Every structure is written in structure tokens, then in C-alpha cells.
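Down below is the structure, laid out as C-alpha cells.
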2 protein chains.
Amino acid sequence: MGRPIRTRRQATLASLAAELGVSRTTVSNAYNRPDQLSPELRRRILETARRLGYPGPDPVARSLRTRKAGAVGLLLTENLSYAFRDPAAVGVLEGLALACEDAGVGLHLVPASPGREDVAAVHRAGVDGFVVYSVPDDDPHLAAVLERPVPTVIIDQPRIEGVDRVGPDDAAAVTRLAEHLVSLGHRQVGVLCMRLARERNDDFVTAQRQSSAHFHVQRIRLEALATAFSAAGVDWATVPVVERFDHTVDDGASGARQLLDAYPQVTAVICTSDILAIGAMAEAERRGLRVPLDLTVTGFDGIAEAERLGLTTVHQPVLEKGKVAGRLLLGSAERVGPKVITLPTELRIGRTSAPPRTVEEPWFGG
Amino acid sequence: MGRPIRTRRQATLASLAAELGVSRTTVSNAYNRPDQLSPELRRRILETARRLGYPGPDPVARSLRTRKAGAVGLLLTENLSYAFRDPAAVGVLEGLALACEDAGVGLHLVPASPGREDVAAVHRAGVDGFVVYSVPDDDPHLAAVLERPVPTVIIDQPRIEGVDRVGPDDAAAVTRLAEHLVSLGHRQVGVLCMRLARERNDDFVTAQRQSSAHFHVQRIRLEALATAFSAAGVDWATVPVVERFDHTVDDGASGARQLLDAYPQVTAVICTSDILAIGAMAEAERRGLRVPLDLTVTGFDGIAEAERLGLTTVHQPVLEKGKVAGRLLLGSAERVGPKVITLPTELRIGRTSAPPRTVEEPWFGG
DNA sequence: TTGAAAGCGCTAACAA
DNA sequence: TTGTTAGCGCTTTCAA
């Protein structure tokens with residue numbers, strides 16, 4: 001199984017045709033339409049190809065001619081390391097990859113990290129469409145994607161008029177979660193959320209920043225919390241919201257620390273992701289707070305580790321999200337008009353939410 | 001931020017040039033070599049482009065012309081779901097993605113699962129090179145990759161003459177692990193390994209099947225175990241080896257069950273991956289065997305969960321593996337001749353290995 | 001069943 | 001600074 005020298009490509013379809021004394025059409029047919037020539041001739045062509053080291057039609061040239069790249073682009077602005085470490089993101093990636101595999105098309109990861117302002121990679125990607133996963137509405141890469149004359153499907157965020165989207169009903173899901181907490185008796189809550197804009201702000205969040213967040217999902221979740229708690233008589237302006245730029249367990253812990261240091265009276269920490277919630281639980285343990293006796297902690301996503309820990313959270317079908325997005329994109333030729341697909345979520349009440357300690361009335365039997 | 005109708009591409013570089021009354025070169029330069037024309041002219045060109053809905057040079061046409069696809073292909077024959085669920089594989093993927101990102105090239109996942117015999121996807125991938133991750137030596141997709149006139153780097157397996165490769169020194173690593181077990185006193189061992197060929201065999205493995213395994217890594221690990229235990233006076237022909245096709249915790253458990261049901265005298269279960277080892281530990285617990293008191297269990301890879309569990313295992317730098325492979329591929333233009341890079345491994349003795357229960361002599365102070 | 005002609009949309013010498 | 005010329009390697013009507 002030795003290999004000849006790499007990067008040969010001496011032979012082309014044309015040179016093969018010349019060698020054999022047939023037309024290029026015939027050689028092309030030998031590869032793409034076996035039924036268009038005699039088996040004997042085809043055999044001869046393929047054999048000569050092997051002899052000449054012709055590796056078959058060049059995929060790029062074919063793509064140019066057929067106007068089909070045979071690949072789907074994935075734009076993922078999040079830092080890659082985080083993307084691969086967040087089980088929710090990996091699930092989406094897996095689902096999308098499965099959809100691509102079913103369709104026999106490649107999945108092209110576009111090199112675009114938050115730091116890299118260079119949008120050229122988007123222009124250079126030879127793909128038939130893009131899936132965009134959870135980016136801010138002012139992301140320059142996203143803008144570049146939307147300029148390309150190919151269909152696009154957005155997963156989660158942002159919400160853009162006229163562009164297909166797949167995601168959960170964040171507002172409804174968070175509302176149910178909030179109602180659960182309200183019914184338990186929590187009135188003094190704190191929130192720990194993911195980054196709201198492209199600039200780093202590892203700190204408390206002003207009302208202004210909340211309502212103008214460039215990450216729609218976070219904004220919608222905060223709005224839903226505000227609405228639900230306001231309905232329960234809580235003045236949202238008094239509810240502390242802490243933001244963390246990096247989406248890691250460690251940042252979840254430090255966010256919780258900042259929150260609880262300043263607002264020790266908080267009875268429940270609502271996190272907008274499981275990763276942050278897991279960090280918050282670690283911080284609770286560090287300060288000697290028992291969850292859920294002394295502190296309620298909730299998450300969002302429903303990743304496997306959350307389930308193991310019994311975290312009260314909102315489960316969303318991440319694998320499905322990727323799959324549906326892929327299928328939507330690959331089937332978009334037949335459709336007219338944009339489509340928005342809302343995936344179901346499920347409130348999973350675990351062992352990390354309970355009535356606040358400060359409520360003295362008995363909760364059961366009352 | 002509304003969008004015009006999708007899939008327009010009415011305008012091309014040529015039509016833009018005609019509209020403006022300049023040459024195509026000039027328009028091309030406006031995009032690719034801004035310093036080759038006056039800022040004023042460039043501005044005019046870009047503005048007209050926007051007005052006409054010209055999305056910039058077509059990436060496929062550009063690739064054809066420049067003979068650069070701007071992407072690296074990744075061949076991963078393993079079922080995608082398993083690939084994304086095995087932290088070792090995810091680590092490799094992450095490392096490779098990071099290397100690609102650094103170089104500004106895309107990462108193109110080739111749709112190729114074990115079932116899919118269709119090799120066309122490999123031919124259709126517009127890439128400048130391939131990274132092949134852990135496939136059997138008779139994999140048809142691999143053969144197709146090697147026929148393509150682009151550089152290729154193989155991670156882990158197979159070992160092919162003349163092709164670049166990145167991986168650990170499996171034999172050395174396993175030998176150290178075996179010596180650790182031998183020094184503890186283990187003589188009655190059993191092995192649980194990953195699949196050895198493309199056909200399923202969830203059963204015991206014959207000597208013949210061991211030595212002709214198409215997955216080189218597994219073969220090498222088994223050979224190293226055989227050599228090390230033979231040196232300690234163990235007749236390898238008497239050592240039971242169980243194989244599992246799917247690489248899951250559940251299959252690790254069922255493999256251990258099959259092994260221990262038939263060979264209850266075994267004092268140590270050597271698993272060729274952490275995933276399998278974690279399953280084996282679950283099975284040990286199920287049968288009431290205390291690890292390591294009643295049974296020693298070892299793994300391979302050094303994934304995070306193994307570390308949390310205190311598993312005795314061989315750690316290998318998976319992220320590094322992907323990164324190095326990517327860099328090797330992307331820098332291969334400057335090199336001559338094939339290159340093999342061996343990554344360091346580390347034996348990590350945890351809490352799952354101890355002297356066998358049947359050994360009555362005191363091990364310390366003796 | 002096979003071939004001739006006409007591009008797909010672009011970039012890179014080279015020349016002006 | 002801009003334009004002319006010549007393909008990159010392939011597929012696809014259409015005609016023979």
C-alpha cells in the first residue's frame with residue numbers, strides 16, 4: 001500500500017480522454033452516468049485512469065459546473081473550545097452532523113471565533129447553505145452569511161425577519177420555571193446569565209443592558225423572568241442580574257459568588273444555563289449553603305450532568321435541534337417563504353429547588 | 001434586516017465589470033488586492049456591487065482557479081453519535097478544529113459512517129487535504145482518500161507506509177500498564193477490547209482474530225499485553241479477551257459480564273478504553289465486587305470522567321493529537337517525505353488497581 | 001453510443 | 001493603475 005508522490009494531479013479528464021482517443025463527455029459519463037456507455041468502454045476508461053493515476057473528476061471543478069458544493073456550512077461564533085465542552089452545543093453539532101450524513105453532504109465548520117473579525121472565511125466557504133448557531137444579532141460573520149446567495153437556517157438566535165429558525169420557546173419555558181419558583185414561595189431571587197453582548201462584562205447588569213442585549217435568547221429569558229416575577233409582585237428593578245462572558249462551570253461559580261456576596265438574602269439563583277448552574281452549586285457548597293435547603297438553584301438545557309445532579313432545569317432537545325435545522329436547510333429548495341420551527345421543552349423539577357428557608361409557614365399540610 | 005429572495009446570484013464579477021465599464025481584473029482586485037487600484041475606484045465598485053446584489057467572488061470558482069479549497073477534510077468512520085459521545089474523540093475534533101481556525105481554513109466533516117459503503121462523499125469533498133481519524137486498515141473510505149491527490153495525515157490508525165501519522169506509542173504505554181499489574185501480583189487477567197474488525201463480534205476473541213485485527217491500535221495493544229504477560233510467566237493463550245463492537249459504557253458493562261461469568265477467577269480486567277472500563281466498573285458493582293479490593297479495572301485514554309473516578313489508566317493528550325495532526329497537514333507543503341509524530345503518554349495509577357485478593361502474602365514490608 | 005461546443009465564475013500573468 | 005488573454009477542470013445541451 002505504498003503511495004506515489006503526493007500532489008500529483010498530472011492527469012485530468014481531458015488528458016485521459018486524449019490518451020484514450022475518446023471525448024471528454026465519454027470519460028465524464030464513465031464516472032457519473034455508467035449507463036450512458038458500454039461496460040467494456042467504461043472498464044477500459046477506468047483502467048486507464050488507474051494506470052495514469054487519474055483520481056477521478058476534480059470535486060471543485062465539478063462543483064463549479066453543477067453549482068452544488070455538496071456541503072453545508074456551520075457558523076459558530078463561540079470560541080471552539082467552549083463549543084466542544086458544552087454538551088448542549090455538542091448535541092446540536094451531533095444532530096446537524098447526522099442530518100448531513102443522511103443527506104450525504106459534508107459539514108463545513110467555518111473558522112470564526114469571537115476574536116477573529118475577519119469575515120473572509122465566510123466568503124471562502126464553498127457550501128450550499130449555512131446553519132448559524134447561536135450568535136449575537138450584530139455578529140459580522142452572520143452579516144456575511146446573509147449576504148451569500150444561499151439558504152440559511154439559524155438555531156436559537158438571533159431572530160431575523162425572513163430567515164428560517166429553529167429553537168425552543170424560551171419565553172414560555174422560562175415562564176414555567178419562574179412560576180415554579182414563585183409557587184415555592186421565592187420572592188428574593190437572583191439571576192446568573194450568559195453574555196449579553198460581544199464586549200465582556202463580568203459584572204452586574206443594568207436594566208438598560210438587559211433590554212438591549214444582542215443575544216436574543218438571553219434577552220428573552222430575562223424578559224420572561226421579569227414578566228413572571230412582576231406578576232407575582234416582585235419589583236424586577238430590585239432583582240440582581242449577574243453576567244458572565246465565558247460559559248464555564250468556573251464562571252458560574254464566580255458569578256454566584258459575586259451575586260451572593262452582594263445579595264446574601266437571595267433564596268434562589270436562576271441560571272440561564274446548566275453549566276452556570278453547576279458552577280453556582282459548587283459555589284453554594286463552598287459557602288456551606290445546602291441546596292435546596294438554604295438555596296435553590298435552577299438551570300437551563302437539561303444536559304446529562306444536570307440530570308445526574310438532579311438539577312431543576314428546563315430540558316430542550318438539543319440533538320433534535322441540530323437535526324431539524326439540517327433537514328430544514330437541506331430541504332429548503334422545495335419551500336417558499338421562511339419557516340420557524342419551535343421545539344418543545346420540558347420543565348424538569350429536580351432536587352435543587354425547594355421552598356425558601358425564610359418562609360416559616362409549613363408548606364405541606366397547610 | 002429583511003432579506004431579498006434567496007438564491008439570486010444574478011450578478012457575477014463579469015456583469016459587474018460590464019456595468020461599471022471596467023475590466024474583470026479590476027473588480028477582482030477590488031476584492032482581493034485593494035492596493036492594486038485607487039481607493040475611489042474601489043469604493044465605486046463595492047458600492048455598485050451592493051446595489052446589484054453581488055455577493056462577492058464565488059468561492060467555488062475562486063477555488064478552481066487558485067487550486068486552493070481553503071478546507072481540510074476529516075474522515076471519521078466511526079458512527080457519528082459515538083464519535084461525539086466519546087470525550088477522547090471530541091478532544092481530537094476540538095484540537096483539529098483549533099488548528100484549522102488558527103490557519104483560517106474550514107474543517108469539512110466527510111459523511112462516512114461504517115454502514116455507508118458509498119465512497120462518493122470522499123470524491124466530492126472540495127478540500128486541500130485529509131485528516132483520517134482512527135479507521136480500520138481496510139476501510140474503503142480511507143482507500144478513496146489515499147487516491148486523492150492531496151496530503152493526508154492519519155491519527156492513531158491505521159499505520160500506512162509513506163503516510164504521515166500522529167499518535168501515542170501504544171505498545172510502550174500498554175507495556176507499562178501491564179508491568180504495573182504484574183508487579184501488583186496479577187496473573188489471572190482478562191481483557192476487554194474495542195472492535196477488531198469491521199464485522200461485529202460481541203464475543204470472545206480467538207488468537208487468530210487478535211493477530212489479524214484490522215484496527216491496528218487494538219492489535220498493538222493486545223500484542224503488547226501478550227508480550228508483557230508472557231514475560232511474567234503467563235500463558236497468553238489462556239487469557240480471555242472479549243470484544244465489543246460498539247464503544248459505549250453499556251457495552252463495557254456487558255463485556256465485563258461475559259468475561260466474569262465465564263472466568264470468575266480473573267483478578268484484573270484490562271480495558272482498552274476508559275469508556276469500556278467505566279462500564280466494567282459498573283458491572284463489578286452490580287455483581288457486588290469491590291474495586292479494587294475484589295477486582296482491579298484499568299482503562300486507556302485518560303478522559304475527564306476517568307480521572308474523577310480515580311481509574312487507573314493511560315493518559316494520552318487527545319487535544320494535542322488533533323492539533324498536531326492539523327498543523328502537520330497544513331504545513332505539509334514545506335516538507336519532504338512522510339512524518340510520524342509520537343505523542344507522550346502517562347500511566348496514571350488511580351484507585352482502581354490493587355494487589356489481587358487471592359495473593360495472601362503481604363505486599364509491603366515483604 | 002459518442003462527440004463538439006459552450007460555458008460555470010474566477011484569477012494571474014503579462015502588457016499597456 | 002488598468003486591461004487583455006488564457007485558462008482552472010469539469011458537465012451538459014445538442015447533434016451526429
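On a predicted model such as this, the values are computed, not experimentally measured, just so you know. So that the names make sense, note that chain A is the first sequence line, chain B the second, and so on, each numbered from 1.
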Separation of A:Leu64 atom CG from C:dA6 atom P, in whole Å?
18 Å
Starting from P on C:dG3, measure out to CG on A:Leu41 and report it in whole angstrom.
8 Å
Okay, side chain of B:Asp164, backbone of B:Lys339: is any donor-acceptor separation there less than 3.5 Å?
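Confirmed, B:Asp164 side chain pairs with B:Lys339 backbone.
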Taking the side chain from B:His108 and the backbone from A:His108, do they hold a donor-acceptor pair closer than 3.5 Å?
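Looks like no, no N/O pair under 3.5 Å.
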Looking at every strand, decide which applies to A:Leu37 at a 4.0 Å heavy-atom threshold: base, sugar-phosphate, or nothing.
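It contacts sugar-phosphate atoms only.
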Flag the pair A:Arg43 and A:Glu47 as a salt bridge only when some basic side-chain nitrogen lies within less than 4.0 angstrom of an acidic carboxylate oxygen.
yes
Using a strict threshold of under 4.0 Å (side-chain N to carboxylate O), is an ion pair present between A:Asp156 and A:Lys321?
yes
Taking only the side-chain nitrogens and oxygens of [X], find out if one of them lies under 4.0 Å from OP1 or OP2 of [N].
X	N	result
B:Arg42	D:dT1	no
B:Arg65	D:dA6	no
A:Arg62	D:dT11	yes
B:Arg33	C:dT11	no

Close approaches to DNA chain C from residues 22-32 of chain B, in residue order (heavy atom, under 4.0 Å):
B:Arg24, B:Thr25, B:Ser28, B:Asn32
Just by distance, no angles: are the side chains of A:Ser81 and B:Glu94 close enough, under 3.5 Å, to form a donor-acceptor pair?
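On atom types as modelled, these side chains qualify, holding a pair under 3.5 Å.
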Is there a donor in the side chain of A:Thr25 and an acceptor in the side chain of A:Ser28, or the other way round, less than 3.5 Å apart?
no
